S.K.: 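Let me begin by handing over the structure; questions about it come next.
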Amino acid sequence: MTHNKEPIPGTVMFDGTQAMKGYALNKMCYSFNNKQNREEFLADEEAYMDKYGLNDEQKQAVRDKVVLDLIAAGGNIYYLAKFAGMYGLNVQDVGAQQTGMSVEDFKEKLRRAGE
Amino acid sequence: MTHNKEPIPGTVMFDGTQAMKGYALNKMCYSFNNKQNREEFLADEEAYMDKYGLNDEQKQAVRDKVVLDLIAAGGNIYYLAKFAGMYGLNVQDVGAQQTGMSVEDFKEKLRRAGE
Amino acid sequence: MARIVGGLTTSHIPAIGNAIARKMFEDPYWKPFFDGYPPVREWLDEVKPDVAVVIYNDHGLNFFLDKQPTFAIGAAPEYRNDDEGWGIPTIAPFKGDPAFSWHLIDNLVHDDFDLVTCQEMLVDHGFTVPMQLFWPNYADIGIKTVPLVINTVQHPLPSPRRCYNLGKSLGKAIESYPEDLKVVILGTGGLSHQLDGQRAGFINKTFDRMCMEKIVDDPEHFLDMSIRDLVVEAGAQGAEFILWLAMRGALTGKVTARHSNYHIPISNTASGLLCLENAA
Amino acid sequence: MARIVGGLTTSHIPAIGNAIARKMFEDPYWKPFFDGYPPVREWLDEVKPDVAVVIYNDHGLNFFLDKQPTFAIGAAPEYRNDDEGWGIPTIAPFKGDPAFSWHLIDNLVHDDFDLVTCQEMLVDHGFTVPMQLFWPNYADIGIKTVPLVINTVQHPLPSPRRCYNLGKSLGKAIESYPEDLKVVILGTGGLSHQLDGQRAGFINKTFDRMCMEKIVDDPEHFLDMSIRDLVVEAGAQGAEFILWLAMRGALTGKVTARHSNYHIPISNTASGLLCLENAA
Ligand SMILES: [Fe+3]
Ligand SMILES: [Fe+3]
């Protein structure tokens, strides 16, 4: 059976390969649905990451809050959004960071798409 | 669409109708997978049943440990087995009770089925 | 017998929920978006559906990767929302209709759809935002709901054709329900958007316009597309268009667009609103 | 390429787990049951499968009615058992093969099977008892596993035909895996038994004998049966026979019965053991 798995530029499909890499990271981020968990994480990030068994790559990406690194480490955007949300970052902030633009420029780019 | 829903004598299909009736009871019995929960139940059955929101029919069936009543109240045999297990009752004890036989007679009936 | 009165589509992004909570209806950024809804609400006031079947995707509230369903359906007496991580406000619960849910489940499983049945279920913004947009007073009028969740989190996602066929089976199931219910189907999410990767912020107006058009009269146009094709055209999260296809599959009769609104951008998303009437 | 070496069936009732824990292999009640297994173990020693795909039903350990799947598949690096309410002993974990699991998932979803994917999963007696019966030393030899769960808890259950077709798609998926794996498929549960109701203790030797025969050469015999038909013939829990049908569907080649054993009763159940060889 051949499924077209050709990469789409700038896009990481969250498939089995990513899922296998990212389980611990995604499980941690899913836990952030809960306020107590968010507080526990913010009080001691390192201890919380150890509790969920993150690997070194994942830990560093979490420390740096670099979304592209989090995705490369197996993170899924839906769970990562909960992580970003803790720092008051919305999807425009996250988009700007990933595309290397200022938030204003990123918003302008979106606006222009409507013209 | 017509699905054959004609009753099978002596058999209650655990379908949507039963599931709607029995959710609280089944949820309580599912909780008995956990040892702490079993202990909490055994320490104060009434409080535990209230916690899970059982209705009067379900509570009485639990107090009486009558399997046919538990089923009539929406119980599913797989979750009820966990309840019965707390009292050291196995599927032969449960079968004997439901069929109104002694456990010995029930076992003999099973043995005879092989002849 | 139950009757399908129509189908509705709308984007469901969390930012809308915030804007509703802050009543930003006249804000210049939000006005062109919110202005699309009053005519749909008028139509709903006229038609008065009893039940909404809400086809949406869970974004990591009720489901996690330990048990990620392809298709899941609610069969609970009520549905509540909950904190999704960014402190979304808890709102009044939504009424379920478990007997109707079980009728649908019996028929869909009979048609070889391998559902997850949920007798308890939290509903996230994919469900709550559309409900609030269409029925700001949902708690007072007591409209009943059936949540139907389609996986857009974990690839492989179900194909456009599979989702459309799910809708067809759903439509048939609804119309075989013996009670005199008026049922409306919601397909939430979309249109083009991408949140992740260097391609974040991708929007494809041409494709969206085509979706808004063809979903009315020629939904089968999309049935040979793969999920990858959809991601190429509509962005990673634009794959939510499969939710629209499932809705459209359920419309069994003659379909007319009563209202529509397309606006770019709301947050990172091209938002599409459609009110489709379904005549016998 | 991966190759399906054969299929195995066995009952999986918890009482067997207890008897294994207490080493009751020579006990007069248990001996006629346990005596069926050594020849199958010899066959397995010869064939040496690398992976076992274990088709079973969860009896309320990993799944509850809040999220009850029709079909669920494991994609975890390992699987553990746990207390099921009667203090079953915790045993050594089972190895997973997530890359192989994802290959199967990609292909099964492509074939329109609406799976629940489980990247973490507890396995109950439906899985552990058969594994212990066939590989008493499973932890030492490190055989890998893929758990595949079929709903027998909450009606509607998937039909016999749907389960057989799931097996067919599974077989095709396995044989398209590029690694040189030898794969064995387990269909666990059955044969006739009923635990609940006034009909508890129901056993149907005639039907079981027919199942043991036809599953080898004529599995399609069962495909027009409904779940209700199965319950009538095999008892409420005898509906577990759909797990055997899914296993049989996966056997793609020429099938020969190498060993079989049928014994009444073990606990409340007629137990059926089959070792089917699958030749290309
Ligand atoms: Fe969304
Ligand atoms: Fe079983």
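The shown structure was predicted, so the numbers you read here are calculated from the model rather than taken from an experiment.
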S.K.: Below 4.5 Å from any heavy atom of chain C, which atoms of A:Ala81 appear? Answer side chain, backbone, both or neither.
M.R.: both
S.K.: Parallel, tilted or perpendicular: which describes the rings of A:Tyr30 and C:Phe64, with under 30° parallel and over 60° perpendicular?
M.R.: parallel
S.K.: Any idea which heavy atoms bring A:Arg38 and C:Asp83 closest together, and the distance?
M.R.: NH2-OD2, 2.8 Å
S.K.: Which region of C:Asn18, side chain (C-beta onward) or backbone (N, CA, C, O), has a non-hydrogen atom less than 4.5 Å from a non-hydrogen atom of chain A, or is it both or neither?
M.R.: neither
S.K.: Return the CD1 to CD distance between A:Ile77 and C:Gln194, rounded to the nearest 0.5 Å.
M.R.: 9.5 Å
S.K.: Might you point out which heavy atoms bring A:Gly95 and C:Ala200 nearest each other, and give the distance in Å?
M.R.: CA-CB, 4.0 Å
S.K.: Can you tell me which of C:Ile203, C:Asn268, C:Ile264 forms the most heavy-atom pairs within a distance under 4.5 Å of chain A?
M.R.: C:Asn268
S.K.: At a 4.5 Å cut-off on heavy atoms, which part of A:Lys107 comes close to chain C: side chain, backbone, both, or neither?
M.R.: neither
S.K.: If you count heavy-atom pairs under 4.5 Å with chain C, which of A:Lys27, A:Arg112, A:Arg111 comes out on top?
M.R.: A:Lys27
S.K.: Could you tell me which non-hydrogen atom of A:Tyr78 sits nearest to which non-hydrogen atom of C:Val153, and how far apart they are?
M.R.: CD1-CG2, 3.7 Å
S.K.: For A:Glu115, is it the side chain, the backbone, both or neither that has a heavy atom under 4.5 Å from a heavy atom of chain C?
M.R.: backbone
S.K.: Would you mind checking which part of A:Asn26 comes under 4.5 Å of any heavy atom in chain C, side chain (CB onward), backbone (N, CA, C, O), both or neither?
M.R.: both
S.K.: Under 4.5 Å from any heavy atom of chain C, what part of A:Phe32 do you find: side chain, backbone, both or neither?
M.R.: backbone
S.K.: A quick test of your reading: do over 12 heavy atoms of other residues, nucleotides or ligands sit less than 6.0 Å from CG of A:Asp56?
M.R.: no
S.K.: Taking all non-hydrogen atoms of both residues into account, name the closest pair between A:Thr11 and C:Ala236 and its distance.
M.R.: CG2-CB, 4.4 Å
S.K.: So how far is it from C:Ile227 CD1 to A:Asn4 CG, rounded to the nearest 0.5 Å?
M.R.: 13.0 Å
S.K.: I'd like to know whether CD of A:Gln36 has more than 12 heavy-atom contacts from other residues, nucleotides or ligands below 6.0 angstrom.
M.R.: no
S.K.: With a 4.5 Å cut-off on heavy-atom pairs, point out which of C:Lys205, C:His59, C:Arg199, C:Arg228 contacts chain A the most.
M.R.: C:Arg228
S.K.: Heavy-atom cut-off 4.5 Å, strictly under: side chain, backbone, both or neither for C:Ser192 against chain A?
M.R.: neither
S.K.: Which atoms of A:Leu68 come close to chain C, meaning under 4.5 Å heavy atom to heavy atom: side chain ones, backbone ones, both, or neither?
M.R.: side chain
S.K.: Do you know which of C:Ser226, C:Gly235, C:Pro265 has the most heavy-atom pairs under 4.5 Å to chain A?
M.R.: C:Pro265
S.K.: Is A:Val67 in contact with chain C via its backbone, its side chain, both, or neither, using a 4.5 Å heavy-atom distance?
M.R.: neither
S.K.: At a 4.5 Å cut-off on heavy atoms, which part of C:Asp66 comes close to chain A: side chain, backbone, both, or neither?
M.R.: both
S.K.: As an exercise, state the distance from CD1 of C:Ile13 to CG of A:Asn90, rounded to the nearest 0.5 Å.
M.R.: 10.5 Å
S.K.: Given 3.5 Å as the limit, does a donor-acceptor pair link the side chain of A:Gln98 with the main chain of C:Leu195, or not?
M.R.: yes
S.K.: Starting at CH2 of C:Trp86, measure out to CG of A:Asn33 and round the result to the nearest 0.5 Å.
M.R.: 8.0 Å
S.K.: For C:Glu213, is the CD atom crowded, meaning more than 12 foreign heavy atoms sit under 6.0 Å from it?
M.R.: no
S.K.: Show your working on side-chain contact (heavy atoms from CB on, under 4.5 Å) between A:Tyr79 and C:Leu65 and close with a plain yes or no.
M.R.: CA-CA 10 Å; A:Tyr79 308 115; C:Leu65 302 176; 3.5 Å; yes
